[in-house]
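Following: one structure in structure tokens, then a few remarks.
Note that the coordinates shown come from a computational prediction; the quantities given were computed from them, not determined experimentally. Numbers restart at 1 for each chain; the letters A, B, ... are given by sequence-line order, proteins then strands.
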Amino acid sequence: MRAMADAPRYRFAPSPTGMFHVGGARTALHNWALARQSGGTFVLRIEDTDEVRNRPEWTEGIIDALAWIGISADDPHFEGPLFQSAYAEAHLDAARRLFEGGHAYYCDMTPEQIQERAKAEGTTGYGGWSRDRGLGPGPGHVLRFRVPEGTTVVRDQVRGEVKFDNGTIEDFVLVRGNGTPVFILANVVDDEAMAITHVVRAEEHLPNTPKQQMIWQALGHEPPVWAHVPVLVNDQRKKLSKRRDKVALEQYRDEGYLPAAMINYLMTLGWSPGEDEIQPWSVMEQKFRLDDVNLSPAFFDLKKLAAFNGEYIRKLTVDELVEACDPWLPDDWDRAAFREMAPHIQPRLVTLGDAPGVVDFLFTDDPEIDETSWDKTMTAEYAAPLLADVIGAYEQADWTADTLKSTLEDLMTRYELKLGKAQAPVRVAVTGRTVGPPLFEALEVMGRDESLRRMRAALERIG
RNA sequence: GCCCCCAUCGUCUAGUGGCCUAGGACACCACCCUUUCAAGGUGGCGGCACGGGUUCGAAUCCCGUUGGGGGUGCCA
């Protein structure tokens with residue numbers, strides 16, 4: 001019991017937007033690792049304060065996405081989902097206490113009026129106009145926090161001490177004119193209500209932190225331990241945004257990235273697991289330390305993610321690979337044939353979604369002829385006679401990859417060709433392309449009749 | 001504008017005053033292997049932003065400059 005009482009409580013607090021941001025995934029992973037390695041708890045809180053964006057299916061999406069990266073709602077370290085909206089009473093109650101304690105005051109100025117006034121006075125921002133007007137609650141009145149004089153020091157697990165001169169912080173809004181609480185208040189009240197001990201989030205929240213810390217103190221509580229990890233950026237070094245960048249975790253999932261690869265890659269951003277950066281989650285989960293987190297923004301590099309994914313795909317057993325690819329394969333494709341080819345396509349895949357495109361010629365009625373490939377190979381003088389010879393020899397040959405290969409090797413000497421050149425017309429005839437999985441293995445899987453049919457068709461086309 | 005954060009190869013990082021002639025990975029290039037393309041192997045290219053200190057000694061500590069980023073809402 002004692003241990004439970006002392007166990008840290010981390011939280012992950014996404015707002016439901018309909019897609020799960022990769023940056024959020026990384027933050028979730030950090031919190032998850034920290035909670036699990038300390039015997040603590042990972043609290044999932046859905047920040048649904050903004051009524052406009054609040055749909056139940058969004059929450060399902062978040063839970064699914066978390067599950068995909070190994071953060072299971074069934075794990076004993078997982079708590080939630082809790083909903084911010086369910087704490088509305090507590091938010092307003094806190095607001096009331098803040099007002100009654102003199103830590104907050106009401107103001108009836110609209111944003112437009114504030115702007116005009118600032119402009120007229122040649123200043124910027126709000127300026128605390130209603131501080132001493134003694135206004136009470138009322139329609140259109142916002143509640144503002146009375147920022148005290150002095151300095152606020154945020155002790156951050158990643159960045160050390162960060163000092164803010166309170167004079168640079170405006171009297172910010174706690175409750176909107178329509179009576180609803182703003183994120184900054186709700187966030188603090190929820191963290192307190194949920195007994196959160198550690199707030200680990202992205203750096204973009206650092207400027208909020210002194211404000212939240214002041215609210216904690218005004219409410220009479222000790223703030224949690226803060227930690228702000230650097231943001232993820234795009235190739236322009238701008239924060240990853242859903243408008244510009246490919247940030248939806250679901251999209252990577254649907255393209256056939258393996259969760260293990262995504263998790264591993266995400267963890268290497270801003271942190272390093274040590275000697276070898278390819279590490280299983282079980283190891284990273286134990287090794288991860290906030291003190292070791294880098295301080296500068298990290299570029300989310302699709303190429304490196306792809307490299308990780310390829311590496312993870314190559315580590316799969318054939319059975320695992322076949323099973324993993326299944327969702328991307330058309331229903332009517334012969335699974336046994338695909339399985340035969342699986343070991344051969346394995347080193348050629350970047351994503352699971354690439355699989356069908358590599359072996360589609362095996363399952364279609366006719367190969368889709370790539371004209372560039374055709375022109376490159378079939379216009380050679382030897383193409384037609386060689387193809388004719390191959391057809392003749394293959395009518396009799398043992399239909400195994402080995403004999404098919406040696407048979408072609410016997411023929412090619414007549415034309416003074418190397419295997420690389422000699423196999424090309426056959427490959428284009430059968431697959432339609434110049435590149436693809438190992439030819440003779442593919443022929444073996446395709447079978448004699450269909451293979452010969454395609455070669456004859458090609459011969460005819462050459463004329 | 002103001003506040004805050006940051007700064008090691010193109011990118012992600014190792015490095016916490018001497019082990020650094022700065023290590024690894026991705027990308028790129030070359031070669032090898034080879035049944036095309038991959039994968040794999042070997043090698044190469046490439047970096048401590050700049051200027052001052054501190055120190056016997058600095059990528060590592062301090063200051064400044066420059067450059068990036070984040071925040072500046074009655075969004076979260």
Inset, instruction - Decide if the gap between the ring center of Tyr105(A) and the ring center of Phe99(A) is smaller than 6.0 angstrom. - result: no
Inset, instruction - Can you tell me which residue pairs pass the side chain to side chain donor-acceptor pair (under 3.5 Å) test with a partner in residues 341-355 of chain A, sequence neighbours excluded? - result: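 Those involving residues 341-355 of chain A are Thr351(A)-Asp354(A).
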Inset, instruction - Between protein and nucleotides 28-37 of chain B, map the contacts as a letter string: B base, S sugar-phosphate only, - none, heavy atoms under 4.0 Å, written 5' to 3'. - result: -------BBB
Inset, instruction - Side chain of Glu277(A) only, please: which of rC74(B), rC12(B), rA25(B) is the nearest? - result: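 Nearest nucleotide to the side chain: rA25(B).
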Rounded to whole angstrom, note down the [atom1] distance from [N] over to [M].
| N | M | atom1 | value |
| --- | --- | --- | --- |
| rG67(B) | rC62(B) | P | 22 Å |
| rU13(B) | rC6(B) | P | 15 Å |
| rA58(B) | rG18(B) | P | 11 Å |
| rU42(B) | rA49(B) | C1' | 34 Å |
| rC74(B) | rC61(B) | P | 39 Å |
| rU60(B) | rC37(B) | C1' | 46 Å |

Inset, instruction - Answer yes or no: side-chain N or O of Lys304(A) and base N or O of rA25(B) forming a donor-acceptor pair under 3.5 Å. - result: yes
Inset, instruction - Classify the side chain of Asn208(A) versus the base of rA76(B) as yes if they form a donor-acceptor pair under 3.5 Å and no if they do not. - result: yes
Inset, instruction - Answer whether the closest heavy-atom distance between the side chains of Ile114(A) and Met109(A) falls below 4.5 Å. - result: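 Counting from C-beta outward, Ile114(A) and Met109(A) do come under 4.5 Å.
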Under 3.5 Å, which N/O atoms of the protein pair with N/O atoms of nucleotides 5-10 of chain B?
{"unit_1": "rC5(B)", "atom_1": "O2'", "unit_2": "Arg159(A)", "atom_2": "NH1", "d": "2.4"}
{"unit_1": "rC5(B)", "atom_1": "O2'", "unit_2": "Glu203(A)", "atom_2": "OE2", "d": "3.1"}

Legend entry - Neighbour count >12 (heavy atoms, 6.0 Å) for atom CD, Glu381(A): no
Inset, instruction - Tell me, yes or no, whether the heavy-atom count around Lys315(A) atom NZ, taken from other residues, nucleotides or ligands under 6.0 Å, exceeds 12. - result: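 Enclosed.
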Legend entry - Nucleic acid contacts of residues 112-120 of chain A, taken as heavy-atom distances under 4.0 Å to RNA chain B: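 RNA chain B contact set from residues 112-120 of chain A: none.
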Inset, instruction - For rG71(B), take OP1 and OP2 only and decide whether either is under 4.0 Å from a side-chain N or O of Lys239(A). - result: yes
Produce the list of close N/O pairs, under 3.5 Å, pairing protein atoms with atoms of nucleotides 40-44 of chain B; give distances to one decimal.
{"unit_1": "rG40(B)", "atom_1": "OP1", "unit_2": "Arg314(A)", "atom_2": "NH1", "d": "3.2"}

Legend entry - Along RNA chain B (nearest heavy atom to each residue), the more 5'-positioned of Arg26(A) and Val175(A):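 Its nucleotide being nearer the 5' end, the pick is Arg26(A).
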Inset, instruction - Establish, yes or no, whether the cationic atom of Lys405(A) lies under 6.0 Å from the six-membered ring centre of Phe440(A) and within 45° of the ring axis. - result: no
Legend entry - Qualifying residues under salt bridge (Lys or Arg N to Asp or Glu O under 4.0 Å), relative to Glu275(A), sequence neighbours excluded: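 Result, salt bridge (Lys or Arg N to Asp or Glu O under 4.0 Å) vs Glu275(A): Lys287(A).
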